[in-house]
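Working notes, structure below.
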Amino acid sequence: MRDPAATAALLDWYDAHARRMPWRVGPDARRQGVRPDPYRVWLSEVMLQQTTVAAVTAYFERFTALWPTVADLAAAPDEAVMGEWAGLGYYARARNLLKCARAVVADHGGRFPDTREALLTLPGIGPYTASAIAAIAFNRSATVVDGNVERVMARRYAVLTPLPEAKPELTALAEALTPEARPGDYAQAVMDLGATICTPRSPACGICPWQEGCAGRLQGIAADLPRKTPKKAKPIRLGTAWLARREDGAWLLETRPPSGLLGGMLGWPGTEWREEPEAGTPPVAADWREVPGEVRHTFTHFHLRLKLYRADVAMTAAPERGTFLPRERFRPSDLPTVMRKAFDLASDLAVEN
DNA sequence: AACCCGGGGTA
DNA sequence: TACCCAGGGTT
């Protein structure tokens, strides 16, 4: 049900308190009719999938400096993009980012389509991102539903159904409430509200522009919403990795398979990661030394404990797995975090030798 | 519909 | 520790 008074209160609050972000157009420019660049909106929204604003900002600045337009990104080598994405997580996003940029250039003349429906056909653009780009970049009245919006709706309407079962209900409530005017600002306003006032714990209901219409607050249950079905405990998986350095300083690395965990990223040769330990074979014959300690890292659905071995090998070494990456082409920042942790731990050992 | 997929900040 | 996050793809 539309609520013009609530919409006005929210937009007033947004105009006064909108968070500054590199991909946003400031209020002054917006009043002069400046629209955000669809490329920058798209890039920021993909980076923001399951990732916080604080984590995204530096990556966004780096990407737009390296590749100012979608055509620049489409022309970039895969390894360059995967390397720049390293550390941000959910690496399927980076693969789909490139696919999408190349599709925009090849199929849409280098311009993003301006409807939610057309945006939905592009790789890596789902219901949330399609609505966000349509509303923010193209001023279309699309309903944006992310974790913030789900929480705000669950509280505003005191929805007791637990997530994820409640998703359709919360989406319908958000759609019914979406106004026709200023769709992009409205979408970002609800999300800002969820991020800064209607927070998961200890919501600041006393300063909320929607406090009067909020059933959750009236019933005193806002902080307990949305309800969630319990999650499964994460199992512990074990693995071994081998870090070999050649005499010329090159490191033995692999490009991981294009799909699955850390797909398409650089990594150290090693065993599979399983709950039961696995012996495994080193990738090259050498005098392997055990690295004291272990790497601990938590993924979406398991905890990993990684045992490391390190060796210095001759120029004549012939590895059965992996490729020696020359020192000048190896940047530790190109590694996903678990692999960078392994490098850091093994490097400490090298100093002692 | 269920499952897979990172990483960091926060309480 | 557990939870949270401007979700999407695959099967």
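Keep in mind it's a predicted model, so treat the numbers as computed, not measured. In what follows, chains carry the letters A, B, and so on, assigned in the order in which the sequence lines appear, proteins first and then strands, with residues in each chain numbered from 1.
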Would you please name every residue forming a side chain to side chain donor-acceptor pair (under 3.5 Å) with R95(A), sequence neighbours left out?
none
I need the residues from residues 142-178 of chain A with at least one non-hydrogen atom less than 4.0 Å from DNA chain C; give them sorted by number, or say none.
D146(A), G147(A), N148(A), R151(A)
Counting the atoms with a prime plus P, OP1 and OP2 as sugar-phosphate, which does M339(A) contact under 4.0 Å by heavy atoms, base, sugar-phosphate, or nothing?
nothing
If you take atom types as modelled and just measure distance, does the side chain of T300(A) reach the base of dG6(B) with a donor-acceptor pair under 3.5 Å?
yes
Expected output is a numbered-order residue list: members of residues 194-208 of chain A with a heavy atom under 4.0 Å from any atom of DNA chain C. What is it?
P200(A), R201(A)
Quick one: label D192(A) by what it contacts on the DNA or RNA (base, sugar-phosphate, nothing), any heavy atom closer than 4.0 Å.
base
Just N and O in the side chain of H301(A): are any of them under 4.0 Å from OP1 or OP2 of dC5(B)?
yes
At a heavy-atom distance below 4.0 Å, what parts of residues 34-57 of chain A sit against DNA chain B?
Q50(A), T51(A)
Outermost DNA chain C nucleotides near chain A [under 4.0 Å, heavy atoms]
dC3(C) to dG9(C)
Please list, in numerical order, the residues of residues 66-94 of chain A that have a heavy atom closer than 4.0 Å to any atom of DNA chain B.
G87(A), L88(A), G89(A), Y90(A), Y91(A)
Across the strands shown, which category fits Y128(A) at heavy-atom distances under 4.0 angstrom: base, sugar-phosphate, nothing?
base
With F299(A), which of Y90(A), Y91(A), W273(A) fulfils ring-ring contact (aromatic ring centres under 6.0 Å, His included)?
W273(A)
Is there a donor in the side chain of E165(A) and an acceptor in the side chain of T229(A), or the other way round, less than 3.5 Å apart?
no
Which of these, E45(A), Q49(A), M47(A), sits in a side-chain contact (heavy atoms from CB on, under 4.5 Å) with V56(A)?
M47(A)
Would you say H297(A) places a side-chain N or O within less than 4.0 Å of OP1 or OP2 belonging to dG7(B)?
yes
